[in-house]
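This is the structure I want to talk about, given as structure tokens.
Just so it is clear: chains get the letters A, B, ... in the order the sequence lines come, proteins before strands, and each one is counted from 1.
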Amino acid sequence: MYDYKNIEKKWQKYWEDNKTYKVEIDKNKKKFYSLVEFPYPSGAGVHVGHVKGQTAVDIFSRFKRMNGYNVLNAMGWDAFGLPAENFAIKNKKHPGDFTKKNIENFRRQIKSFGPSFDWDREIDTTDPKYYKWTQWIFLKLFEMGLAYEKDAPINWCPSCKTGLANEEVLDGKCERCESVVEQKNMKQWFLKITDYAEKLLADLDDLDWPEYIKTSQKNWIGKSEGAEIDFEIDGFSEKIKVFTTRIDTIFGCSYVVLAPENKLVLKLKAKIKNWQEVQNYINEIKNKTDLERTDLNKNKSGVCLEGVWAINPFNKERVSIFLADYVLASYGTGAVMAVPAHDERDFEFAKKYNLDIKRVIAKENSSNDNNEECYVDDGFLINSEKFSGLTSFQAREKMIIEGQKNNFVEKKINYKLRDWLFSRQRYWGEPIPIVKCSKCGNVPVPEEELPLVLPEIENYEPSGTGESPLAKIDSWVNVKCPKCGQLAKRETNTMPQWAGSSWYFLRYIDPHNEKKMASEESLKYFMPVDIYFGGAEHTTVHLLYSRFWNKALYDQGIVPVSEPYKRRVQHGLILAEDGRKMSKRWGNVINPDDVIESYGADVMRVYIMFMGPYGDTSAWSTSAINGINRFVNKIWSLLEKEVCDELADKETLNILHKTIKKVGEDIENISFHTAISQLMILLNYLSSLEKINKEVFNVYLKLLAPFTPHLSEEMYQRLNSDVNQSIFDFSWPEYDLDLIKDEKVKIAIQINGKLRDSLEVNFDSEEDFILSLAKERELVQKWLENKEIVKIIFVKNRLINIVVK
RNA sequence: GCCGAUGUGGUGAAACUGGCAAACACGCACGACUCAAAAUCGUGUGCCGCAAGGCUUGUGGGUUCAAGUCCCACCAUCGGCACCA
């Protein structure tokens, strides 16, 4: 039996002592940067999902390394975050202590399954040496005008008396106390990711990422091209600017809608006859939670501003103005033109309030269109004066040109993407390095004063005013303005958890540099990340934020590439044996420690990779892991065989070289489960042999090595007593295409496309020869009796199909 | 509602460019070893049929000598977004 307990420990110690996986810049070698998302070190310890990603990155890295690349592969901790803070509040302890303990546990667990990380490059986002540079990047963004402050509503829990991050709000309720979350206006920091919307969108095209991630990001950015149209207001100098992508429908506009928050309404107050009603409506909406507003999908509400009218600039028609909650203040201009006949929402609203429904787009190119339904697609214009008869596409172009000429239309692109809310009213995060001076405004903390260290504090409980707990430390808050020297106050909000993870891949490259975020030389050598493994939950947020930071730094000439991640691979979830998500609540969590205890790290690694396609969700199976245990022990038992130096026979070489080819290609394509099945096929073959050629044996161990590093090292040492190097110092075996060619092939004989018989012939045998052999077969003759051969289809080395009548 | 993904044995799944569907495993059955069990090893295992043979990749159609693979329509499941004008 394979003694995994001792052998795995032995090799882990060997790797650590010999710094086997240490990597330095080596310009004689091609670099390869593989990355896996670094974990948040929770109290629960490493999850099998972490094992999946980390094993994958390890297999890939070891494979690349054996192929001669200088591989950078490191691990770290995304350690700021709420669980640590909540723990601190509850236990009156510093969140850092809790975090430190968790990190130690994570490190121990990860090391116990033997990944090839260069541990000298380990990073921790809560370490001031690390977050010094998170703050430094923030200041760069501030300098670039990409970090700014503005009043914005935040999620406010009235019972916990604190602001909440979006991630802490579940179904409109506070995650901790379940009270309904309110919106509260506060001055907040934002990062202007919208400035990069176009680049973030356009550059997706060149990335080797799964199409579904690209689509998701595209949808998230949500580009839409259209126009802004000015509607004059009868009797006022103010105009209503609306945004639309369907200017072609403008002759069907029967009213204009403002978001209830739109300030314009105050200016119209004097002429609004039903002001009381309007005001009530505004208040009603203000008191609605986000939950209620978005949940009211089916029941749109609104109020008409009686006594005022907007004027459609195309036909000078007077239309009513409404306030309605189905228009979002935060998108476009906060106002829309309503075309009930050609927009579902307007249609619904118009029916409810009995408003005009004018049809201006017809499906077919004919003037009559009696359709009573709402028609939202493009078509041909009708009832649109001189534009009638045009297609929607043509009309949009012409109308925009005409509108531009007359100064009431502007071309406009809008994005769904919003600026990134960057401040949190929390303790356990990077302090935002800004001093607020009544004279100078927001002043950056001078670079030489970084890191601005998170101060020690007595009580982590939020203050209740919506401010961060840092606001309570007068000695920290009160400082002199770095610019004018007068008394000023520090910004007391901290950064969100996303900050540290938005650039950690840059720090791995040069983690101990005290003068720079990373040296130019090292960035130039190692960037970009060649392959990035991770989970599907980061499809939009983390991947988008970190692309944005990288692009901003690229524009400053700090990083050498505009896109950080060349290739992205995401893994599917591992469910519990019962098919549900693993959760403490169900008591169905698989702890990697237990798996390693009963089977060893190599079995766990291979099992997790063999569960199914890497990107698919699959359920844990105790009996299936037993099968892998058998596999690993069967490999071990090869050592009992006689090893010889006699030349291996053709059959052996054939299957061996097929395996070299397939395993290499499968790893490259992230098809680990089929690579493993090929390794099983070769094992079954080797096990059936009387004796094994030593070279063949060695090649097999190398092919196994990325998957079962401990086992392969041990067996390699035992087999080659003269070698005292790691198997990973040797190169990946090469295959010979000539040896892969089969000498004999099985040819299927089909009659009318149905399999009737088969033949074994020499490779590359010709059609005539095979046909004559086939005709002699009894099984074939039976089907050819009294039939006329119409056609012969021959595919070399595969099949012959005889078509008869 | 929109977008995306996926549908193949009892289960996880495989199948290169259209070319012998079910590789490799799990499970199950039988056998060997054992007083017995576990472990291990061996044999078998898509479905119907005694057999010849027939049927089979979510459903229905189509293209083709040949379709899991291509085209059209539909159904189901999962995931994401969700009043973005």
**OP:** Sequence neighbours left out, what passes ring-ring contact (aromatic ring centres under 6.0 Å, His included) with Y196(A)? Give chain and number order.
**Re:**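 With neighbours one apart ignored, the set is F548(A).
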**OP:** Could you list the residues that satisfy salt bridge (Lys or Arg N to Asp or Glu O under 4.0 Å) with K658(A), not counting sequence neighbours?
**Re:**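 Only D742(A) meet the salt bridge (Lys or Arg N to Asp or Glu O under 4.0 Å) criterion with K658(A).
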**OP:** Sort out for me which residue in D377(A), D346(A), D378(A) forms a salt bridge (charged side-chain N to carboxylate O under 4.0 Å, His left out) with R246(A).
**Re:**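 For R246(A), the salt bridge (charged side-chain N to carboxylate O under 4.0 Å, His left out) test succeeds with only one of D377(A), D346(A), D378(A), which is D378(A).
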**OP:** Pick base, sugar-phosphate or nothing for G222(A), based on heavy-atom distances below 4.0 Å to the nucleic acid.
**Re:**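 If one applies the 4.0 Å heavy-atom cut-off, G222(A) turns out to touch nothing in the nucleic acid.
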Subject >> Interface residues of residues 755-769 of chain A with RNA chain B (non-hydrogen, below 4.0 angstrom) >> reply: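 Listed by number, they are R756(A).
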Original post:
If you measure from the C1' atom in G42(B) to the same atom in G46(B), how many Å do you get, rounded?
Top reply: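 Here G42(B) and G46(B) have their C1' atoms 23 Å from each other.
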Subject >> Secondary-structure string, 5' to 3', Watson-Crick or G-U under 3.5 Å, | for another-strand partners, for RNA chain B >> reply: (((((((..(((......[....)))((((((.......))))))(((....)))..(((((..]....))))))))))))....
**OP:** Please list all pairs passing the side chain to side chain donor-acceptor pair (under 3.5 Å) test where one or both residues lie in residues 746-760 of chain A, with sequence neighbours left out.
**Re:**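 Only D757(A)-R777(A) qualify under side chain to side chain donor-acceptor pair (under 3.5 Å).
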Protein-nucleotides 16-18 of chain B N/O pairs under 3.5 Å:
| from | atom 1 | to | atom 2 | distance (Å) |
| --- | --- | --- | --- | --- |
| C16(B) | N3 | R798(A) | NH2 | 2.8 |
| C16(B) | N4 | R798(A) | NH1 | 3.0 |
| C16(B) | N4 | R798(A) | NH2 | 3.0 |

Under 3.5 Å, which protein N or O atoms sit close to an N or O of nucleotides 38-43 of chain B? Give each pair with its distance.
| from | atom 1 | to | atom 2 | distance (Å) |
| --- | --- | --- | --- | --- |
| U40(B) | OP2 | R630(A) | NH1 | 3.4 |

**OP:** Could you list the residues that satisfy ring-ring contact (aromatic ring centres under 6.0 Å, His included) with W636(A), not counting sequence neighbours?
**Re:**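 Residues passing ring-ring contact (aromatic ring centres under 6.0 Å, His included) with W636(A): Y2(A).
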Original post:
D346(A) near the nucleic acid: base, sugar-phosphate alone, or nothing, with a heavy-atom cut-off under 4.0 Å?
Top reply: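 No contact at all - D346(A) keeps every heavy atom at 4.0 Å or more from the nucleic acid.
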N/O-N/O pairs, protein side and nucleotides 3-11 of chain B side, under 3.5 Å:
| from | atom 1 | to | atom 2 | distance (Å) |
| --- | --- | --- | --- | --- |
| C3(B) | O2' | N219(A) | ND2 | 3.4 |

**OP:** Side chain of M680(A) only, please: which of C20(B), C24(B), A14(B) is the nearest?
**Re:**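 Given the options C20(B), C24(B), A14(B), the side chain of M680(A) is closest to C24(B).
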Find every protein N or O atom lying less than 3.5 Å from an N or O atom of nucleotides 63-68 of chain B, and list the pairs.
| from | atom 1 | to | atom 2 | distance (Å) |
| --- | --- | --- | --- | --- |
| C65(B) | OP1 | K791(A) | NZ | 3.4 |
| C65(B) | O2' | N801(A) | ND2 | 3.3 |
| C65(B) | O2 | N801(A) | ND2 | 2.7 |

Original post:
Which residues pass the ring-ring contact (aromatic ring centres under 6.0 Å, His included) test with Y331(A), sequence neighbours left out?
Top reply: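 By the ring-ring contact (aromatic ring centres under 6.0 Å, His included) rule, Y331(A) matches no residue at all.
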Considering only distance and modelled atom types, tabulate donor-acceptor pairs under 3.5 Å from the side chains of residues 672-685 of chain A, sequence neighbours left out.
| from | atom 1 | to | atom 2 | distance (Å) |
| --- | --- | --- | --- | --- |
| T674(A) | OG1 | D666(A) | OD2 | 2.8 |
| T674(A) | OG1 | S671(A) | O | 2.9 |
| T674(A) | OG1 | S671(A) | OG | 2.5 |
| S677(A) | OG | T674(A) | O | 3.1 |
| Q678(A) | NE2 | T659(A) | OG1 | 3.0 |
| N684(A) | OD1 | K634(A) | NZ | 3.0 |
| N684(A) | ND2 | M680(A) | O | 3.4 |
| Y685(A) | OH | T652(A) | N | 3.4 |
| Y685(A) | OH | T652(A) | OG1 | 2.9 |

